[in-house]
Amino acid sequence: MSSAKLDMEKLVALCRRRGFIFQSSEIYGGINGFWDYGPMGVELKKNIKDVWWNDMVRNPPPGPDGQEITMVGVDCSLIMNPRVWEASGHVGGFSDPMIDCKTEGCKGRFRADQLKSTPCPLKPSKCAGEFEKCQLTEPRVFNLMFKTYVGALEDASAVAYLRPETAQGIFANFKNVSDSSRVKLPFGIAQIGKAFRNEINPRNYTFRSREFEQMEIEFFCHPDESMKWYQYWRDVRKNWYSTLGLNSDRVLPREQGKEELAHYSIGTTDIEYMFPFSDEPQELEGVAHRGAYDLTQHMTHSGKDLAYFDELAWQKADKSVYGGDKKKEQAAKQSPPYKFVPHVIEPSAGADRFTLAVLCEAYHEDKVADASGKQEERVVMRFHPRLAPVKAAIFPLVNKDGMPEIAERLYRELKRDFNVQYDDGGAIGRRYRRQDEIGTPYCITIDGDTVCGGSVTIRDRDTLEQRRVQLSDVVGEIRKMVK
RNA sequence: GCGGGUGUAGCUUAAUGGUAAAGCCCCUGCCUUCCAAGCAGGAUACGUGGGUUCGAUUCCCAUCACCCGCUCCA
């Protein structure tokens, strides 16, 4: 985004024009709170998810003491046994009873539990509902979980929910993963996937959607070390955004106040971003210290033992204190510090929200001199090369003199490793501008010198500068530049 | 959920109770040796559903979507 505040309508128009984001079911008039990614959008979002997976799961940064950290992934079903959501608290608590006032001129909406402390909009000296004219509705519950039915019978026993977060799939599989993959505490389990929340009022383009994708980590650690890991993940996650092109002045970590915290959370930091549609920073990710809450809940509700046994600590322990009493030894093995419920640090990021932030940040308008030297407006998406949907475009300068043949050969070579485009349509300047609008970082042009001397030009999206590179070096150059 | 606004082609904008116009974009061909050039063709629109009417894109009603402001966001 340029220094002037980006007009969201311009971004929305570009996203539609160039195939980043469409309204869902548009030919039927759309549906509120749902969005589709087009050919460019899917590449962008896929790159974002791949980069996250690579940087957090396959090759995470060293831990707080410089150690290697262990991360594994899962991919869980969207629909789970509904008891999961009772254990997590979503069935009981994922809703707020609301009361509307039907009084002419008021039409207020209040949370039922805060009615007695909310001033009446018409008569602020009284509280909502105390004024003679107030016509309050019965409290209505807005449960934010999408309901569905499993199997053919639509009765109460078949009710299930589309998951409102991917996290519970990880908690429910904690024992499976620790039993099957030789991981030792501390370790993290990661998941990328869709989640669904029946938001009362979707707003701000894709920012608050009813169907969205999360990139979540549940990092399990010893309770004594949890604060260290909480700080580690808070810093790692904040910095990650800046390495991918978000201006660090606009990425703002915010420690939640005590009154804001969910009752089970020991601490939560929201990583917020200054989106152009709001004067307030908006949440991209929440890094929450959830203590032992989730595993304990699932232990209680499932009846399964999800505590962790620290084999290493037990092996090192001085067993002589039990004096050979097997019963005492057994009891010790079943209790801290050898057996305990791990604490959890949860960095939970919104893939669509980050995609939107990347789009906002990338949008620039600048001036470029045309063939006659006149300054022309240009729209350019300045994506980080790792995220750019198209890494390079290949142009024959003119469609003759052997140039198309060389260009096509180069295109076929490059597309084995990168998403690239071939374009021989219209004037060369027009082709550059088309690539600028989808944020292609490099344009490779085959010209007369390629035919004679074997070199091509590589044009940089941001500086507009061209440099000549030997045809045989192009693949290596592009590989180096999009890392 | 409430109030206000908007809805004609991919975009920007016309006109009209009786065949919907243009520029840009896009496609095809010609031309073209580096930043939206030129020439010739071509495709594409009245958000949806009712009503009034001989006839509705136009008037009326409803609905949907988007934008702004409230409300909400475990």
Side-chain angles (χ1 to χ4, degrees), chain A residues 7-10 12-19 22-35 85 88-96 98-111 114 118 121 128 137 140 142-145 164-165 197-205 207-210 260-265 277 282-283 286 367-380 395-401 403 424-437 443-452 456-459 461 464-466 468:
Chain A
D7 179 355
M8 282 303 287
E9 294 203 12
K10 285 184 174 181
V12 172
L14 178 131
C15 284
R16 172 176 168 61
R17 182 167 75 245
R18 291 300 183 186
F22 307 123
Q23 206 181 351
S24 170
S25 346
E26 195 188 70
I27 60 170
Y28 289 99
I31 176 166
N32 194 332
F34 298 90
W35 300 90
W85 308 111
S88 70
H90 286 85
V91 170
F94 196 48
S95 60
D96 289 314
M98 303 296 299
I99 292 177
D100 289 328
C101 180
K102 291 195 172 306
T103 306
E104 203 53 45
C106 176
K107 306 281 188 187
R109 168 175 288 178
F110 317 100
R111 271 172 66 160
Q114 294 174 357
T118 309
T137 62
R140 283 185 286 182
F142 293 87
N143 192 298
L144 297 186
M145 278 199 295
E165 61 177 30
R197 297 180 192 182
N198 210 348
E199 298 287 354
I200 296 168
N201 193 357
R203 272 291 164 93
N204 293 324
Y205 203 25
F207 183 80
R208 176 165 293 119
S209 300
R210 291 181 164 135
E260 257 183 294
L261 288 177
H263 63 278
Y264 49 77
S265 181
F277 54 72
Q282 303 286 327
E283 184 181 348
K367 298 259 202 257
V368 173
D370 69 7
S372 61
K374 207 175 79 194
Q375 294 290 308
E376 295 279 356
E377 279 262 321
R378 172 177 84 134
V379 172
V380 55
F395 309 146
L397 184 58
V398 288
N399 290 312
K400 58 181 186 184
D401 299 340
M403 294 178 203
D424 61 1
I428 188 84
R430 179 182 301 272
R431 289 181 250 166
Y432 284 139
R433 298 297 177 82
R434 273 200 284 258
Q435 296 300 326
D436 290 340
E437 284 210 339
C443 291
I444 303 160
T445 300
I446 305 315
D447 62 9
D449 289 359
T450 318
V451 179
C452 303
V456 303
T457 61
I458 300 182
R459 176 259 201 187
R461 174 195 68 201
L464 304 178
E465 277 164 18
Q466 290 176 293
R468 296 207 77 94

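These values consider heavy atoms only, across backbone and side chains, with no hydrogens, waters or symmetry-generated copies. In this text, all values refer to a predicted model and were calculated from it rather than measured experimentally. Every chain is numbered from 1, with letters handed out A, B, ... down the list of sequences.
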Sugar-phosphate, base or nothing in reach of A:Gln23, heavy atoms under 4.0 Å: sugar-phosphate
Options B:A36, B:U32, B:C35, nucleotide nearest the side-chain atoms of A:Leu464: B:C35
Touch class at under 4.0 angstrom, heavy-atom based, for A:Met8 against every strand present: nothing
Smallest separation among heavy atoms of A:Val451 and A:Met403, with atom names: CG2-CG, 4.0 Å
Length of the line joining A:Asn32:CG and B:A65:P, which is rounded to integer Å: 5 Å
Protein-nucleotide distance (A:Asn399, atom CG; B:C30, atom C1'), rounded to Å: 12 Å
Phosphate OP1/OP2 of B:U71 contacted by A:Arg203 side-chain N/O (<4.0 Å): no
Between A:Phe277 and A:Tyr205, ring centroids under 6.0 Å: no
Options B:C34, B:A74, B:U33, nucleotide nearest the side-chain atoms of A:Val398: B:U33
Sugar-phosphate only, base, or nothing, as touched by A:Arg16 at under 4.0 Å among non-hydrogen atoms: sugar-phosphate
Student check: side-chain heavy atoms of A:Ser25 and A:Phe34 closer than 4.5 Å: no
Proximal nucleotide (of B:C25, B:U33, B:C66) relative to the A:Arg430 side chain: B:C25
Test log, rule salt bridge (Lys or Arg N to Asp or Glu O under 4.0 Å), inputs A:Lys367 and A:Glu377: CA-CA 5 Å; A:Lys367 298 259 202 257; A:Glu377 279 262 321; 3.1 Å; yes
Close side-chain approach of A:Met145 to A:Val91, heavy-atom, < 4.5 Å: yes
Span that lies between the C1' atom of B:C46 and that of B:G29, in whole angstrom: 33 Å
First of A:Gly29 and A:Ile446 reached from the 5' end of RNA chain B, by closest nucleotide: A:Ile446
N/O donor-acceptor pair under 3.5 Å between A:Arg197 side chain and A:Pro164 backbone: yes
A:Leu14 CG - B:U12 C1' separation (whole Å): 16 Å
B:A45 and B:C24, which share atom name C1', separated by this distance in whole Å: 16 Å
Distance, P atom - from B:A56 to B:G51, rounded to whole angstrom: 11 Å
B:C39 and B:U8, which share atom name C1', separated by this distance in whole Å: 30 Å
Touch class at under 4.0 angstrom, heavy-atom based, for A:Gln375 against every strand present: nothing
A:Gln23: side-chain hydrogen bond (donor to acceptor under 3.5 Å, both in side chains) partners, not counting sequence neighbours: none
Whole-Å distance separating the CD atom of A:Glu199 from the P atom of B:G1: 14 Å
Touch class at under 4.0 angstrom, heavy-atom based, for A:Asn201 against every strand present: base
Integer angstrom distance from the C1' of B:A9 to that of B:C26: 11 Å
Whole angstrom value for the distance that separates P of B:U32 from CG of A:Leu397: 12 Å
Polar side-chain contact A:Tyr432-B:C34 base: donor and acceptor under 3.5 Å: yes
Got a list of protein N/O to nucleotides 61-63 of chain B N/O distances below 3.5 Å?
none

Side-chain heavy atoms of A:Tyr432 within contact of A:Thr445, under 4.5 Å: yes
Validation row: A:Arg468, A:Thr450 side chains within 4.5 angstrom (heavy atoms): yes
Positive for salt bridge (charged side-chain N to carboxylate O under 4.0 Å, His left out) with A:Asp436, one of A:Arg459, A:Arg18, A:Arg431: A:Arg459
Touch class at under 4.0 angstrom, heavy-atom based, for A:Tyr205 against every strand present: sugar-phosphate
B:U63 and B:C27, which share atom name P, separated by this distance in whole Å: 41 Å
Of A:Pro202 and A:Ile428, the one whose closest RNA chain B nucleotide lies more 5': A:Ile428
A:Asp447, nearest nucleotide to its side chain (from B:U32, B:A37, B:U33): B:U33
B:C61 versus B:A43 - spacing of their P atoms, nearest Å: 38 Å
Interatomic distance where CD belongs to A:Glu9 and C1' belongs to B:C66 [whole Å]: 8 Å
Touch class at under 4.0 angstrom, heavy-atom based, for A:Asp401 against every strand present: base
Beyond-backbone contact of A:Glu437 with A:Leu14, side-chain heavy atoms, under 4.5 angstrom: yes
N/O donor-acceptor pair, side chain A:Arg17 with base B:C25, under 3.5 angstrom: no
Rounded C1' spacing from B:U48 to B:U28 in Å: 35 Å
Interatomic distance, A:Gln466 CD vs B:C35 P [rounded to whole Å]: 8 Å
Spacing of A:Leu144 atom CG relative to B:A74 atom P, expressed in whole Å: 9 Å
Non-hydrogen side-chain atoms of A:Leu464 and A:Arg378 separated by less than 4.5 Å: yes
Intra- and inter-strand pairs of RNA chain B in dot-bracket (Watson-Crick or G-U wobble, both distances under 3.5 Å; | for another strand): (((((((..((((....[..)))).(((((.......)))))....(((((..]....))))))))))))....
Selection from B:U33, B:C66, B:C72 that lies nearest to any side-chain heavy atom of A:Ile200: B:C72
